[in-house]
Amino acid sequence: SSAASDVYKRQIQQVEQYTLSAVVSTVGAGTVKVSPAGTVFDAETPITVTATKNFGYKFVNWTDAYNKVVSTDEEYTFSISANTALKANFEKINTYALDYMVEGGAKDYMVSATPAPTVVNGKNMYEEGTEVTLTASSNDILTFTNWNDGETGCLLYTSPSPRDKR
């Protein structure tokens with residue numbers, strides 16, 4: 001059996017291993033996921049890093065330790081062949097509060113916004129560029145007639161000069 005174990009020992013090859021660090025450029029801007037999870041990998045292991053933005057930010061790119069852009073996709077897959085440091089870069093974007101009043105005996109729940117807002121400090125917030133639809137509903141007692149500008153439909157765009165419907 002010692003001859004068999006000598007043959008076995010000679011067939012074992014040392015596999016190079018490399019480290020990976022994947023971080024977010026700005027704390028709070030988003031999150032990073034590494035798949036398979038870990039920080040040390042065998043050479044040529046395919047790895048996928050995924051950046052997920054938080055509200056108020058947009059993903060820009062992945063850069064390496066030399067600040068060279070390696071991908072502009074949120075999900076980046078590569079085979080590791082050296083110690084690697086990646087950074088998910090995010091950019092702050094404008095956000096806007098959407099305020100509206102419900103009058104004439106109606107209740108707030110009778111108006112809904114689509115998509116639903118992100119509530120920040122009690123305010124209904126949207127990222128710049130979001131198209132928001134306000135829908136007013138009626139019930140047996142109250143009938144929605146119009147917004148105060150006479151319109152019966154309401155479509156809003158979040159932009160540097162937000163149009164407010166009340």
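Here the structure is a predicted model, which is why all the values come from computation and not from measurement.
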Problem - CG-CD1 distance between L20 and I80, expressed to the nearest 0.5 angstrom - result: 5.0 Å
Problem - Exam field: side chain N94 to backbone E128, donor-acceptor pair closer than 3.5 Å - result: no
Practice task
Could you tell me the separation between the CD atom of Q17 and the OG1 atom of T39, rounded to the nearest 0.5 Å?
Solution key: 10.0 Å
Handout entry: Backbone N/O of P115 and side chain of Y126: donor-acceptor pair under 3.5 Å
Key = yes
Practice task
For residues D99 and K123, determine if any side-chain heavy atom of one lies less than 4.5 Å from a side-chain heavy atom of the other.
Solution key: no
Exercise for the section: For side-chain contact (heavy atoms from CB on, under 4.5 Å), just list the numbers for N61 and T72, CA-CA rounded to whole Å, side-chain angles, deciding distance to a tenth of an Å, and then say yes or no. Expected result: CA-CA 4 Å; N61 57 30; T72 55; 4.2 Å; yes
Problem - Inter-residue atom distance S21.OG - L86.CG, 0.5 Å rounding - result: 7.0 Å
Handout entry: Separation between OG1 of T118 and CG of N54, rounded to the nearest 0.5 Å
Key = 10.0 Å
Completion exercise
What one should report as the nearest heavy-atom pair of Y18 and A43 is CE1-CB, 3.6 Å
Problem - Closest non-hydrogen atom pair between A22 and V34, with its separation - result: CB-CG2, 3.9 Å
Exercise for the section: Under the side-chain contact (heavy atoms from CB on, under 4.5 Å) rule, what do N124 and V119 come out as? Steps first, then yes or no, please. Expected result: CA-CA 5 Å; N124 293 332; V119 178; 3.7 Å; yes
Practice task
Answer yes or no: is there a side-chain heavy-atom contact under 4.5 Å between Y57 and V24?
Solution key: no
Problem - Straight-line distance of K58 NZ to N89 CG, nearest 0.5 Å - result: 12.5 Å
Problem - Rounded distance (nearest 0.5 Å) linking atom CD of E75 with atom NZ of K33 - result: 8.0 Å
Handout entry: Least distance between heavy atoms, T19 atom then V40 atom
Key = CG2-CG2, 4.2 Å
Handout entry: Hphob cluster co-occupancy, F41 + V70, side-chain heavy atoms under 4.5 angstrom
Key = yes
Problem - Side chain T95, main chain E127, donor-acceptor under 3.5 Å - result: no
Exercise for the section: Might you work through the side-chain contact (heavy atoms from CB on, under 4.5 Å) test for D64 and T84, ending with a clear yes or no? Expected result: CA-CA 7 Å; D64 64 14; T84 305; 5.9 Å; no
Exercise for the section: For S25 and F90, indicate whether the former's side chain and the latter's backbone hold a donor-acceptor pair under 3.5 Å. Expected result: yes
Practice task
Could you walk me through whether K87 and N67 pass side-chain contact (heavy atoms from CB on, under 4.5 Å), step by step?
Solution key: CA-CA 8 Å; K87 188 187 314 177; N67 258 352; 4.2 Å; yes
Exercise for the section: Please report the closest heavy-atom contact between P46 and P36, naming both atoms and the distance. Expected result: O-CD, 3.7 Å
Problem - V32 with F78, same ILVMFWY side-chain cluster at under 4.5 Å - result: yes
Practice task
Please answer whether the main-chain N or O of V69 pairs with a side-chain N or O of W62 as donor and acceptor at a distance below 3.5 Å.
Solution key: no
Exercise for the section: Determine whether more than 12 heavy atoms belonging to other residues, nucleotides or ligands lie under 6.0 Å from atom CD of E16. Expected result: no
